Participant: 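I have a structure here, written as structure tokens, and I will follow up with some questions on it.
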Amino acid sequence: MKAIKENGKRFVNMDSQIQITGNREVLVDGCRKILEYNDIFVRVSTWEMTVNIWGSGLQVSDFGSGAIYISGKIQSVELEKNG
């Protein structure tokens with residue numbers, strides 16, 4: 001049953017991917033909502049988790065297709081399972 005659920009998520013693009021480039025860029029694909037945003041902290045919700053990005057000089061660019069790009073000096077990325 002779990003395999004069917006996982007395959008279904010991929011089919012409807014509910015799977016999230018996070019790409020970190022050095023300490024200066026984070027791409028969150030599968031972003032549902034920006035929960036909080038300022039120059040030191042960004043919190044976003046995906047289908048299965050909440051992603052917390054800490055740093056300085058953070059800026060968010062919205063690509064409009066469910067992906068956001070966070071740039072600045074990244075200090076940490078934390079993942080929290082929803083529910």
Side-chain angles (χ1 to χ4, degrees):
M1 186 67 166
K2 186 175 180 178
I4 293 170
K5 181 180 174 184
E6 293 302 314
N7 287 334
K9 281 190 221 176
R10 286 188 200 98
F11 179 72
V12 295
N13 199 24
M14 289 173 55
D15 228 1
S16 302
Q17 293 185 0
I18 300 169
Q19 178 180 330
I20 302 170
T21 306
N23 69 337
R24 54 187 199 285
E25 300 174 347
V26 177
L27 173 67
V28 180
D29 189 15
C31 177
R32 294 179 61 205
K33 186 176 184 180
I34 298 172
L35 301 172
E36 189 173 343
Y37 166 46
N38 59 52
D39 65 334
I40 63 166
F41 180 67
V42 178
R43 181 177 177 94
V44 300
S45 175
T46 70
W47 288 101
E48 289 190 336
M49 70 183 93
T50 300
V51 183
N52 300 316
I53 298 105
W54 291 92
S56 59
L58 300 181
Q59 297 181 346
V60 174
S61 300
D62 186 359
F63 290 124
S65 62
I68 64 165
Y69 173 78
I70 299 107
S71 62
K73 185 177 180 186
I74 309 298
Q75 293 175 339
S76 70
V77 177
E78 303 168 350
L79 307 175
E80 299 175 14
K81 185 149 178 77
N82 291 341

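These numbers were taken from a predicted model, which means no experiment stands behind them.
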Participant: How long is the gap from CG on Leu58 to OG on Ser71, to the nearest 0.5 Å?
Facilitator: 8.0 Å
Participant: If I compare all heavy atoms of Asn82 with all of Thr46, which pair ends up nearest, and what's the gap?
Facilitator: ND2-O, 3.3 Å
Participant: Could you go step by step and tell me if Asn52 and Val77 meet the side chain to side chain contact (heavy atoms under 4.5 Å, CB included) rule?
Facilitator: CA-CA 6 Å; Asn52 300 316; Val77 177; over 6 Å; no
Participant: Given side chains that start at C-beta, do those of Asn23 and Gln75 come closer than 4.5 Å, heavy atoms only?
Facilitator: no
Participant: Hydrophobic clusters join Ile, Leu, Val, Met, Phe, Trp and Tyr when side-chain heavy atoms are under 4.5 Å apart, directly or via other members; which others share one with Trp54?
Facilitator: Ile40, Phe41
Participant: About how many Å separate CD1 of Ile70 and SG of Cys31, when rounded to the nearest 0.5 Å?
Facilitator: 7.5 Å
Participant: Among the clusters formed by ILVMFWY side chains lying less than 4.5 Å apart, do Trp47 and Val28 turn up in the same one?
Facilitator: no
Participant: Tell me the closest heavy-atom pair linking Ser16 and Gly30, and the distance in Å.
Facilitator: OG-O, 3.9 Å
Participant: Can you find a pair of side-chain heavy atoms, one from Ile34 and one from Val60, that are under 4.5 Å apart?
Facilitator: yes
Participant: Measuring only between side-chain heavy atoms, which start at C-beta, is Leu35 closer than 4.5 Å to Val44?
Facilitator: no
Participant: What are the two closest non-hydrogen atoms of Ala67 and Leu27, and how far apart are they?
Facilitator: CB-CD1, 4.3 Å
Participant: Which pair of heavy atoms, one from Met49 and one from Ile18, lies closest together, and at what distance?
Facilitator: SD-CD1, 4.4 Å
Participant: So Val26 and Ile68, do their side chains get closer than 4.5 Å, heavy atoms only?
Facilitator: no
Participant: Kindly check if the number of other-residue, nucleotide or ligand heavy atoms within 6.0 Å of CD (Gln17) is above 12?
Facilitator: no
Participant: Residues in side-chain hydrogen bond (donor to acceptor under 3.5 Å, both in side chains) with Asn38, at least two apart?
Facilitator: none
